[in-house]
Amino acid sequence: MPEILNTSSGKPRVRFAPSPTGFLHVGSARTFIFNWLYARRNHGTMILRLDDTDVERNTDASVNSIFEGLKWLGLGWDEYYRQSDRLDLHRKTAWSIFEKGLAYRDFTPARTGDAEKSGAQGTWLFNPGMRDLPREESERRAASGEQFALRFRVPRDAGEVVRFTDAVYGEQMKAGADIEDFALLRSDGMPTYHLASCADDADLKISHIIRGQDHLTNTFKHVLIFEAAGYTPPQFAHLPLLVAPDGTKLSKRRHGPVVSVTTYRDAGFLPEAFINFLCLLGWSPKDDRTKMSLSELTEMFSLEGINRANAVVNFKEPASSPEETFDPKAVWLNAEHIRGLAIEDLSQRLLPIVQEQYPNVTAERMIEITPLIRERIKFLRDALTAADFFFVDELPPYDPAELIPQKGDASMAKRVLEKAQIVLGNVEFKHDPLDHALRAAAQELGVKAGQMFQPIRVAVCGRKNAPGLFETLEVLGKETTLKRITRAIQKTR
RNA sequence: GGCGCUAUCGUCUAGGGGUUAGGACGGAAGAUUCUCAAUCUUCAAACCCGGGUUCGAUUCCCGGUAGCGCUACCA
């Protein structure tokens with residue numbers, strides 16, 4: 001009598017089950033996000049499960065990196081498990097399958113190395129002799145201490161097919177004759193991924209398995225395990241893979257840190273922008289929205305919107321600037337989200353980054369500066385370069401030639417600065433008065449407004465490209481402004 | 001090799017038997033402005049190929065091609 005999963009409450013239970021064998025990959029992050037969105041959208045439960053049955057390859061560093069990445073995303077989860085704590089359940093499940101005659105001991109030594117792996121001619125299905133080993137002989141050899149793996153006895157008679165319906169890819173079927181007798185238990189007694197994953201999914205009453213498409217063909221094996229263990233398989237939804245511009249799947253070895261979530265964090269991405277970007281890879285709302293908040297995404301998310309083709313993360317392979325490290329759309333979305341933030345909020349996020357380099361900057365100061373750079377930064381870290389002149393006492397050296405205005409010369413720069421020194425000494429440092437005073441001064445000197453503003457801008461900012469002049473001066477204050485203009489006048493000599 | 005999946009502008013995608021094939025990023029041009037941004041306007045840019053079904057296919061079917069995945073006592 002198969003136990004019925006997922007129907008009793010109607011509330012979905014989903015899980016994200018990473019293997020701690022490396023940092024949190026952007027593809028994994030997307031899988032986590034889709035699961036989370038699905039759970040929240042349908043008032044279900046989000047489960048985090050560490051699939052750490054491969055003791056050889058698991059590391060604590062990886063576990064930490066995964067938590068670090070997930071913490072930054074800030075989405076959270078409702079239940080947490082580690083497969084290594086649940087080995088008894090896995091073994092019990094495996095042996096229950098064995099007892100039903102649906103699995104058998106294979107005493108063949110493990111295939112070593114990569115022999116006949118990728119270039120294999122023909123498909124390996126099972127080791128000769130083992131599948132039909134008489135029960136008594138099997139028991140005897142096991143009792144004598146001989147090592148064995150436990151394999152699933154895949155039904156491979158003509159006409160045997162395994163089927164399931166994928167929420168994304170539709171009806172799937174495969175002949176049993178094309179499925180190899182996969183292992184359930186290794187010869188050291190440890191469960192394999194397939195077994196552990198299914199045993200846990202059943203035990204945790206997972207209703208929907210939302211995961212990467214690399215598992216689509218594994219799902220036939222999983223259906224076999226669920227049914228052999230007496231459970232109704234959950235609903236499956238496979239996600240198209242994220243690939244590099246060259247079409248190969250994202251890997252640390254080939255593509256470096258671009259595939260790590262923490263790289264986005266450290267570059268100054270907003271987690272909500274990163275999430276927004278990832279959602280648009282392989283999923284779309286049916287309207288034309290692109291910039292979406294977490295709550296909008298939660299509201300809009302559905303399995304039906306998931307696409308079937310792999311999605312390219314469009315970064316430049318040899319990146320010549322930090323910006324090129326990322327997909328242009330991710331960068332744009334980040335800037336969009338930054339622009340959409342309230343000044344106080346943005347300022348708070350900028351402050352720790354700024355303080356790392358300029359410890360004297362206060363929260364009050366940052367609030368004044370933030371509106372001037374909000375439209376000018378693409379990454380949080382850009383505040384460091386966009387507003388540097390607010391943070392330093394003394395401007396770093398700049399080329400005095402920069403002080404020379406368009407269609408002007410050194411003497412014009414000097415006249416403008418000297419005039420500015422006088423005018424600014426007698427004006428209130430507020431936007432409008434500064435505006436009026438400096439425009440009037442330009443008129444008196446017979447120069448264009450732009451010719452008046454540029455030398456002042458360079459004198460106070462140390463460069464030509466900067467925020468609006470009046471608001472800059474207002475925030476900078478009279479004292480610093482006059483000091484920097486004096487320095488600039490010295491430079492014109 | 002076997003099995004499975006996929007194929008719309010450079011990229012992410014919408015659409016769907018009859019459309020000027022829509023949007024976004026990026027690119028180009030222009031407007032605005034004290035520079036840079038931001039903003040606005042405009043432009044260029046796509047249905048993998050071949051058969052079939054049909055009055056009509058980019059859309060449905062078949063084949064090809066290409067890409068990806070699985071083919072481990074990894075996950």
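What you are looking at is a predicted structure, and each value in this text was computed from that prediction instead of being measured. Letters A, B, ... are given to chains in the order of the sequence lines, protein chains preceding strands, and every chain is numbered from 1.
When both pairing distances are held under 3.5 Å, B:A7 makes a Watson-Crick or G-U pair with B:U65. Remark: B:C34 base-pairs with no nucleotide; criterion is Watson-Crick or G-U wobble with both hydrogen-bond distances under 3.5 Å.
Taking the P atoms as reference points, B:A57 lies 39 Å from B:G27, given to the whole Å. Look at the P atom in both B:C62 and B:C25: the space between them is 38 Å, to the nearest Å. Atom P of B:A21 sits at a distance of 13 Å from the matching atom of B:A45, rounded to the whole Å. Nucleotides B:U65 and B:U41 are separated by 43 Å at their C1' atoms, to the nearest Å. B:A28 and B:A44 have their C1' atoms separated by 7 Å, given to the nearest Å. Between the C1' atoms of B:C12 and B:G50, the separation comes to 29 Å (whole Å).
Within a heavy-atom distance below 4.0 Å of RNA chain B, the residues of residues 460-475 of chain A found are A:Lys464, A:Asn465, A:Ala466, A:Pro467, A:Gly468, A:Leu469, A:Phe470.
Close placement of the A:Phe301 and A:Phe34 rings is indicated, their centers lying within 6.0 Å of each other. Two rings, from A:Phe277 and A:Phe269, have their centers 6.0 Å or more apart.
The side chain of A:Lys249 sits closest to B:G69 out of B:C12, B:G22, B:G69. Comparing B:A38, B:C70, B:C12 by their closest approach to the side chain of A:Glu375 singles out B:A38.
No salt bridge links A:Arg415 with A:Glu418; every basic N to acidic carboxylate O contact stays at or beyond 4.0 Å. A salt bridge between A:Arg151 and A:Glu180 is absent, with no side-chain N of the basic residue lying under 4.0 Å from a carboxylate O of the acidic one.
The closest side-chain donor-acceptor pair between A:Asp52 and A:Ser84 falls under 3.5 angstrom.
Here A:Arg289 does not reach the OP1 or OP2 of B:A14: none of its side-chain N or O atoms lies under 4.0 Å away. At the phosphate of B:C73, neither OP1 nor OP2 sits under 4.0 Å from any side-chain N or O atom of A:Thr108. Taking only side-chain nitrogens and oxygens, A:Arg376 never comes nearer than 4.0 Å to OP1 or OP2 of B:U35. In this structure, A:Asn307 reaches the B:A14 phosphate: one of its side-chain N or O atoms is under 4.0 Å from OP1 or OP2. The side chain of A:Gln172 contributes an N or O atom lying less than 4.0 Å from OP1 or OP2 of B:C5. In this model, the phosphate group of B:A14 is approached by a side-chain N or O of A:Ser284 to a distance below 4.0 Å at OP1 or OP2.
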For this session: Take A:Arg463 and A:Asp388 through the test salt bridge (Lys or Arg N to Asp or Glu O under 4.0 Å) and record every step on the way to the result.
Result: CA-CA 11 Å; A:Arg463 61 183 133 85; A:Asp388 56 342; 2.4 Å; yes

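You won't find any donor-acceptor pair under 3.5 Å spanning the side chain of A:Lys286 and the base of B:A14, going by distance alone. Within 3.5 Å, a donor on the side chain of A:Ser187 pairs with an acceptor on the base of B:C73, or the reverse.
The aromatic rings of A:Phe274 and A:Tyr264 sit tilted relative to each other, their planes meeting at an angle between 30° and 60°.
The neighbour count for A:Lys448 NZ, taken as heavy atoms of other residues, nucleotides or ligands under 6.0 Å away, does not exceed 12.
As judged by a 4.0 angstrom heavy-atom cut-off over every strand, A:Arg57 is placed among the base-contacting residues.
Between A:Ile306 atom CD1 and B:U6 atom P the separation is 14 Å, expressed in whole Å.
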